[in-house]
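What follows is a single structure, written as structure tokens, with notes after it.
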There are 2 protein chains.
Amino acid sequence: MMIERALTRATYLSGRARQHERLMALSGLPLDRAAVAVLRQLAESEPLRLGELAARLSVEASHVTRQVQHLERVGYASRVPDPDDRRAQQVRLTPAGEEAFARVREASARGMQVALADWSPEELRQLASLVHRMVDDFIGRAEAEL
Amino acid sequence: MMIERALTRATYLSGRARQHERLMALSGLPLDRAAVAVLRQLAESEPLRLGELAARLSVEASHVTRQVQHLERVGYASRVPDPDDRRAQQVRLTPAGEEAFARVREASARGMQVALADWSPEELRQLASLVHRMVDDFIGRAEAEL
DNA sequence: CGGCTTACTTGAGTTAGGCAAGCATGTAGG
DNA sequence: CCTACATGCTTGCCTAACTCAAGTAAGCCG
């Protein structure tokens, strides 16, 4: 199963702090890795409750609490009480948050374009679709095991 | 560039501690994430000097020093002075280390087989080959930028 | 030899993230 | 409706995985 080695290489490499620093330098934003992950998830979905956000990122709620507090302090996210459940809060991005995410995404895509410059559009499409499907399958398995 | 999103999802997910715990439970070994990364790199190459090992993992040498000390204490790695340079040391796996890595790899592959059970062999092959190529291209770019 | 570089080590600090305990709200059974 | 248990979030505290800075030993160059 050579896929095992391929994925391990990819994921270890990209988790390095250095990659993140490159990204922040490119985008000109002072966000840490965890904050970017939250920002991204919020940008890619409707407003989410805290618990749901934690579930989608596969991390503990306590971690998300702190990251969201951070994003609030820098003005990228805001919370509104959930109308259906007074225990819960909905988190959404502010316009500034949307804009910050756009810059992150743009910087990230730019880096990839450089690295993958001589891939054909078809190959890129294929890679993206296989990877998406793989992630879905992994998440599916994780959920099935509960 | 939808590939950007696919990769970010994949890499964030796989970095989670939970994934690692699952792996350790499957393999029955008490190694932490960093140790596994070093073990893997050593298993996949000839004996390496400490600095070279750090370079291949894209981490600081000081981190590698500590990880290797750890692997030595549990009997998975050993060092020999580099014959060509008395400042340096070569790190290699012991037989116990080789065996431990084999178990990690097997556990990891098993997990993937479950998750990706209904992929065709052709799709798996394709994914692996695209991912390998992508990682090579990323490493190539990182080196080119020095 | 004297001075600069390289390979590694050690120490201290930061960040991501888990776990446990606590508080407020919701929900069901008697 | 009241007691009892479940949820959603927060806070505090701990560990792992690094990084950066300073130190030592060995090599290299005039």
Side-chain angles (χ1 to χ4, degrees), chain A residues 11-25 30-41 47-74 77-91, chain B residues 11-25 30-41 47-74 77-91:
Chain A
T11 58
Y12 188 75
L13 179 71
S14 63
R16 295 287 56 61
R18 287 171 178 184
Q19 292 296 94
H20 178 74
E21 273 153 32
R22 182 197 303 279
L23 179 58
M24 288 302 98
L31 291 171
D32 46 31
R33 264 174 297 163
V36 171
V38 174
L39 193 68
R40 185 180 299 269
Q41 182 60 54
L48 288 178
R49 300 169 44 150
L50 254 151
E52 180 60 21
L53 187 48
R56 297 220 193 163
L57 293 170
S58 296
V59 296
E60 295 294 309
S62 59
H63 176 58
V64 174
T65 294
R66 278 181 276 252
Q67 290 307 322
V68 169
Q69 285 167 346
H70 178 70
L71 289 178
E72 274 187 294
R73 275 196 299 277
V74 298
S78 70
R79 300 198 229 197
V80 287
D82 185 322
D84 300 339
D85 186 340
R86 276 185 307 168
R87 291 168 300 178
Q89 321 245 328
Q90 284 188 349
V91 190
Chain B
T11 58
Y12 187 74
L13 179 70
S14 64
R16 298 285 57 63
R18 289 172 177 180
Q19 292 296 97
H20 178 74
E21 273 153 32
R22 182 196 304 280
L23 178 59
M24 288 303 98
L31 291 171
D32 47 30
R33 265 174 295 161
V36 171
V38 173
L39 193 68
R40 184 180 301 268
Q41 182 59 55
L48 288 177
R49 299 169 45 152
L50 252 152
E52 180 60 20
L53 186 48
R56 297 219 193 165
L57 294 170
S58 296
V59 296
E60 296 293 311
S62 58
H63 176 57
V64 174
T65 293
R66 278 179 274 252
Q67 291 306 322
V68 169
Q69 285 167 347
H70 178 69
L71 289 178
E72 274 187 294
R73 274 196 299 277
V74 297
S78 70
R79 299 199 231 197
V80 287
D82 184 323
D84 300 338
D85 186 340
R86 275 186 306 169
R87 292 169 301 181
Q89 322 244 327
Q90 284 187 349
V91 190

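This structure is a prediction, so every number in the text was calculated from the model and none was measured. Numbered from 1 within each chain, the chains take letters A, B, ... in sequence-line order.
- Within the 4.5 Å cutoff, no side-chain heavy atoms of E52(A) are placed close to those of Q41(A).
- Whole-Å rounding puts the E72(A) CD to dC9(D) C1' distance at 13 Å.
- The interatomic distance linking D82(B) (CG) with dG27(D) (C1') rounds to 12 Å, in whole Å.
- When the nucleotides dT19(D), dC9(D), dG18(C) are ranked by their closest atom to the side chain of E60(B), dT19(D) comes out on top.
- Taking atom CD on Q41(A) and atom C1' on dA16(C), their separation rounds to 17 Å, with Å as the unit.
- Look at CZ on R73(B): it is 12 Å from P on dT9(C), rounded to the nearest Å.
- The CZ atom of R49(B) sits 19 Å away from the P atom of dA25(D) (whole-angstrom rounding).
- Between the CD atom of Q89(A) and the OG1 atom of T65(A) there is a distance of 9.0 Å, given to the nearest 0.5 Å.
- Dashed line: the shortest gap from a side-chain N or O of R86(A) to OP1 or OP2 of dA24(C) is not under 4.0 Å.
- Taking atom CG of residue L48(B) and atom C1' of nucleotide dA7(C), one finds them 14 Å apart after rounding to whole Å.
- Mapping E21(A) and Q89(A) onto DNA chain D by nearest heavy atom places Q89(A) at the nucleotide closer to the 5' end.
- In this structure, CD of Q90(A) is placed 13 Å from P of dG8(D), rounded to the nearest angstrom.
- Of the candidates dA17(D), dA7(C), dT9(C), the closest approach to any side-chain atom of R79(B) belongs to dT9(C).
- Dashed line: the shortest gap from a side-chain N or O of Q69(B) to OP1 or OP2 of dC8(C) is not under 4.0 Å.
- With dT11(D), dA16(C), dA24(C) as the choices, the nucleotide that has an atom nearest any side-chain atom of R87(A) turns out to be dA24(C).
- Donor-acceptor pairing under 3.5 Å, judged by distance alone, is present between the side chain of S62(A) and the base of dC19(C).
- Ranked by how close their nearest DNA chain C nucleotide is to the 5' end, Q67(A) and D84(A) are led by Q67(A).
- Counting atom types as modelled, R66(B) pairs a side-chain N or O with a base atom of dG11(C) as donor and acceptor under 3.5 Å.
- Rounded to an integer number of Å, the gap from NE2 of H63(B) to C1' of dT10(C) is 15 Å.
- When heavy atoms are screened at a 4.0 angstrom cut-off, D85(A) is found touching the sugar-phosphate backbone but no base atom.
- For A88(A), counting side-chain heavy atoms from C-beta on, the closest listed nucleotide (dT15(C), dG8(D), dC8(C)) is dG8(D).
- Of the possible polar contacts, none joining the H70(A) side chain to the L31(A) backbone as a donor-acceptor pair under 3.5 Å is found.
- Which of dC19(C), dT19(D), dA16(D) sits closest to the side chain of R33(B) comes down to dA16(D).
- Contact of the H63(A) side chain with the L57(A) side chain is not registered, since no non-hydrogen atoms from C-beta on lie closer than 4.5 Å.
- The minimum heavy-atom distance between V68(B) and L50(B), with the atom names listed, is CG2-CD2, 4.3 Å.
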